Amino acid sequence: MSSKKQFFPNITDLALSPEGYILLAQFEQQQDRKIVVRNVTDDQLLLTGDLDLLRWNEAHILLDAVKSALVQTNTFPGELLVCTCYLVLCGSNCRVGLRLWVRGEDRHDLNLGEVAAITTCVTAALTSGSHFDEIENDLFSELPKTRHEGLKKAVQGTLQSFGARRFTGAVHVTSADQRLKVEGRLGAKPDRSNHHPKEEILIGKFDGFDLHNRWLIFLSESKRHLLSFSPDQVDLISVAHSALKAEVQSVRTYKTLDRKGNPIYAFAPDAPFKSA
């Protein structure tokens with residue numbers, strides 16, 4: 001998906017930086033929304049128009065991913081990073097923007113080139129689906145290997161929440177001399193599934209069963225587990241009595257993982273539950 005007009009504003013063109021902060025990255029998106037500014041009094045302005053239709057979330061997804069990467073790679077502690085937003089009115093449309101800053105104008109250890117490389121790697125990986133070997137630049141390999149694991153965690157965490165999301169318009173990302181355009185759909189959510197069963201003993205109490213979905217409801221360590229079962233292989237009367245008595249049981253299950261990495265349990269019919 002392409003925006004109607006490409007723009008890469010200079011990162012210092014807009015409002016001056018907050019005192020004591022250094023600009024790290026900028027995220028800007030053009031939107032077809034008309035905002036009107038009117039003078040109400042000498043010291044008051046009134047903004048009207050499509051204010052409720054402005055979208056900040058897509059730029060925020062990218063900013064939060066870069067911020068997470070900077071923290072995960074130990075580039076900056078999270079408490080030093082600050083986000084600000086701005087709105088530029090341009091005739092019949094507008095531009096919404098977010099900026100990421102670091103506190104400390106006298107930081108002698110600041111490497112803006114490395115920050116730009118991290119920003120570029122993160123945004124590129126988000127569109128390729130966290131496969132760093134498929135990124136069409138060599139910035140990832142140029143970064144210290146101590147940064148690689150943090151980058152991967154930040155990207156995978158973002159894709160876990162927003163993977164496959166389609167952006168409504170291009171977001172232009174600027175960091176130092178690196179300029180990118182993120183558009184279309186983000187990469188797929190990470191597949192953390194594992195269908196190879198592993199035996200696991202659960203200790204807890206039966207809380208009932210769901211015949212429609214064929215689940216035994218089991219409470220273990222304050223967690224509610226759903227154990228799939230076959231009705232002709234489980235004595236549901238015994239399960240009901242155990243639930244009514246709140247008896248502590250040990251049950252054998254087989255565990256696999258779904259796409260999100262969540263456990264899926266199957267009750268082992270060849271091993272009837274017994275008192276723990």
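Predicted model, so just to flag it, every value in this text is computed and none were measured.
- Counting non-hydrogen atoms of neighbouring residues, nucleotides and ligands closer than 6.0 angstrom, the CD1 atom of Ile237 reaches no more than 12 such neighbours.
- Trp56 and Val173 fall within the same hydrophobic cluster, where Ile, Leu, Val, Met, Phe, Trp and Tyr residues are linked whenever their side-chain heavy atoms come under 4.5 Å apart, directly or through other members.
- Nearest heavy atoms, Ala65 versus Leu126: CB-CD1, 3.9 Å.
- Lys34 has no carboxylate O lying under 4.0 Å from a charged side-chain N of Asp50, or vice versa, which leaves the two without a salt bridge.
- You'll find the side chain of Glu247 stays beyond 4.5 Å of the side chain of Phe206, heavy atoms only.
- Donor-acceptor pairing under 3.5 Å is lacking for the side chains of Gln30 and Arg95.
- By the ring-ring contact (aromatic ring centres under 6.0 Å, His included) test, Phe27 pairs with no residue at all, sequence neighbours left out.
- Cys94 is listed as a side-chain neighbour of Leu87, based on a closest heavy-atom distance under 4.5 Å.
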Q.
Apply side-chain contact (heavy atoms from CB on, under 4.5 Å) to residues Leu62 and Phe167 and explain how you reach the verdict.
A. CA-CA 11 Å; Leu62 300 180; Phe167 279 16; 4.0 Å; yes
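- The CZ atom of Phe229 lies 9.5 Å from the CG atom of Asn213; values are rounded to the nearest 0.5 Å.
- Here the side chains of Leu211 and Leu236 are in contact, with some heavy-atom distance below 4.5 Å.
- One N or O on the side chain of Gln29 and one on the backbone of Gly169 form a donor-acceptor pair closer than 3.5 Å.
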**Q.** Audit row: Leu24, Leu110, side-chain contact (heavy atoms from CB on, under 4.5 Å) steps and yes/no
**A.** CA-CA 10 Å; Leu24 300 178; Leu110 181 59; 4.3 Å; yes
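- Residues satisfying the side chain to side chain donor-acceptor pair (under 3.5 Å) test with Ser230, not counting sequence neighbours, are Asp232.
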Q. side-chain contact (heavy atoms from CB on, under 4.5 Å) between Asn39 and Leu45: does it pass, once the steps are laid out?
A. CA-CA 5 Å; Asn39 288 315; Leu45 295 175; 2.7 Å; yes
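- Side-chain contact check for Val96 versus Gln31: some heavy-atom pair is nearer than 4.5 Å.
- Looking only at distances, no side-chain donor or acceptor of Ser250 sits under 3.5 Å from a matching main-chain atom of Ile203.
- If you take NZ on Lys205 and CG on Asp207, they are separated by 10.0 Å, rounding to the nearest 0.5 Å.
- A donor-acceptor distance shorter than 3.5 angstrom exists from the side chain of Thr119 to the backbone of Val115, with no hydrogens or angles considered.
- Residues Cys85 and His60 are not in side-chain contact: their nearest non-hydrogen atoms beyond the backbone lie 4.5 Å or more apart.
- Nearest heavy-atom pair across Ala176 and Ala116 is CB-CB, 3.8 Å.
- Phe209 contributes atom CZ, which lies 9.0 Å from atom CD1 of Ile217 (distance to the nearest 0.5 angstrom).
- In this structure, the side chains of Thr158 and Ser68 stay at 4.5 Å or more apart for every pair of heavy atoms.
- No donor-acceptor pair closer than 3.5 Å links the side chain of Gln26 to the backbone N or O of Gly97.
- With values rounded to the nearest 0.5 angstrom, Leu98 atom CG is found 11.5 Å from Glu58 atom CD.
- Atom CZ of Arg214 has 12 or fewer neighbouring heavy atoms from other residues, nucleotides or ligands inside a 6.0 Å radius.
- The shortest non-hydrogen separation linking His212 to Asp210 is N-OD1, 3.0 Å.
- We find the OG-OH distance between Ser228 and Tyr265 to be 12.0 Å, quoted to the nearest 0.5 Å.
- Using a 4.5 Å heavy-atom threshold, the side chains of Glu199 and Arg252 count as touching.
- Val251 and Leu226 are not part of a single hydrophobic cluster, where members link through side-chain heavy atoms under 4.5 Å apart.
- Pro144 places a side-chain heavy atom less than 4.5 Å from the side chain of Glu114.
- Between the side chain of Thr253 and the main chain of Glu200, a donor-acceptor pair closer than 3.5 Å is present.
- Tracing side-chain contacts under 4.5 Å through hydrophobic residues (I, L, V, M, F, W, Y), one never reaches Ile264 starting from Phe267; they form parts of separate clusters.
- Within the 3.5 Å criterion, the main-chain N or O of Leu80 finds no donor-acceptor partner in the side chain of Arg103.
- Using a distance-only test at 3.5 Å, with no hydrogens or angles considered, no donor-acceptor pair links the side chain of Arg33 to the main chain of Arg55.
- Using modelled atom types, one side-chain atom of Thr127 and one backbone atom of Ala124 make a donor-acceptor pair closer than 3.5 Å.
- By the rule that hydrophobic residues join a cluster once side-chain heavy atoms approach within less than 4.5 Å of another member, Ile22 and Leu70 end up as members of one cluster.
- For Ser242 (side chain) and Ser238 (main-chain N/O), no donor-acceptor pair under 3.5 Å exists by modelled atom type.
- Of all non-hydrogen atoms in Gly150 and Gln72, the two that sit nearest each other are O-CB, 3.4 Å.
- Residues Leu219 and Leu202 are members of separate hydrophobic clusters, defined by side-chain heavy-atom contacts under 4.5 angstrom among Ile, Leu, Val, Met, Phe, Trp and Tyr.
- Residues passing the side chain to side chain donor-acceptor pair (under 3.5 Å) test with Thr73, sequence neighbours excluded: Thr75.
- In this structure, CG in Leu63 is found 12.5 Å from CG in Asn57, a value given to the nearest 0.5 Å.
- In terms of heavy atoms, Trp101 sits closest to Tyr21 at CB-CD2, 3.9 Å.
- Residues Thr120 and Thr123 come closest through the heavy atom pair O-OG1, 3.1 Å.
- Of the possible donor and acceptor atoms, none in the side chain of Ser175 sits under 3.5 Å from a partner among the backbone N and O of Gln178.
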